[in-house]
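See below for the structure under consideration.
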Amino acid sequence: AIQNAFQSVGKNLTNAPLANLPAFEPSQGFASFASLANLAPSYIDPNFRNPRALQWQGGVERQITRSVTLSEDFSYVNTAGVARSRDTNLGRPVVDSTGRNIYSNPRPFGPVFGRATVTEAAGRSLYRGFTTTLKVRRSRYVMDLYYTRSWNYSYDDNERGFTSPNYADVNNVTSEYNYSNIDEPHQFRGTVNYSLPLGF
């Protein structure tokens, strides 16, 4: 069935070289797969690329006493081209009284197709965090205390974003860039190791 679908739009899948496989335009994909049973097609953006991340970290450490040190570290991770899914089988929206786009009109390629999901490398995430560390070294115990103040932004944190697009408005996905679902602005962590008598 896949080979016949490509053949119907003049693309020979059998003889195509692996380095240059044919691809459907969205309109061709809708038309050629109309006879199949899958009513919710998913496809990859032809310009899809893997994400790229820029990461760097810097810090300073100060010895307060012979057994106490204090340090401050900064972490930065900026990731572009994060995979994001979007419904492309939507008609013109109707704006309600609040200015929000409502997509209640018929789908352009319906009723054969419902949601048509494209996976595109259009998302972004940005993490920035300061970590303060206090280390105490005594003869009987060792103590490490950590506090992190961070900011974590992203477009989409939906674990199953490839099958369930997660946004308020497909025509304004940039408005989704906000605090991530996994943002933890304040994190505290600490460990204490104490040496008991008799080697315990």
Please check this pair: side chain of D183 against backbone of N152, looking for a donor-acceptor N/O pair closer than 3.5 Å.
yes

Find out if a path of hydrophobic residues (ILVMFWY) with successive side-chain heavy-atom gaps under 4.5 Å connects Y146 to L70.
no

With clusters defined by side-chain heavy atoms of hydrophobic residues (ILVMFWY) lying less than 4.5 Å apart, directly or transitively, does L134 cluster with F130?
no

Partners passing side-chain contact (heavy atoms from CB on, under 4.5 Å) against S154 (at least two apart in sequence or in another chain)
S125, D157, S180

Kindly determine whether Y103 and D87 satisfy side chain to side chain donor-acceptor pair (under 3.5 Å), including the steps that lead there.
CA-CA 11 Å; Y103 298 89; D87 189 353; over 6 Å; no

Within a reach of under 6.0 Å around CZ of R137, are more than 12 heavy atoms found that belong to other residues, nucleotides or ligands?
yes

Got a sec: does the CZ of R92 have more than 12 other heavy atoms crowding it under 6.0 Å?
no

When you look at D45 and R84, which way does the salt bridge (charged side-chain N to carboxylate O under 4.0 Å, His left out) test go after all the steps?
CA-CA 10 Å; D45 183 356; R84 181 180 66 194; over 6 Å; no

I'd like to know whether the aromatic ring centres of Y127 and Y76 sit less than 6.0 Å apart in this structure.
no

Do Y147 and V192 sit in the same hydrophobic cluster, where Ile, Leu, Val, Met, Phe, Trp and Tyr count as joined when their side-chain heavy atoms come under 4.5 Å apart?
no

Members sharing V95's hydrophobic cluster (side chains within less than 4.5 Å)
none

Between R128 and S150, is there a side-chain heavy-atom distance shorter than 4.5 Å?
no

Hey, can you tell me if Y155 and Y177 have their rings parallel, tilted or perpendicular (30° and 60° cut-offs)?
tilted

Any non-hydrogen side-chain atom of T131 less than 4.5 Å from a side-chain atom of E72?
no

Please tell me whether L126 and W151 are part of a single hydrophobic cluster in this structure, the criterion being side-chain heavy atoms less than 4.5 Å apart.
yes

Suppose we call two aromatic rings close when their centres sit under 6.0 Å apart. Are W56 and F74 close by that rule?
yes

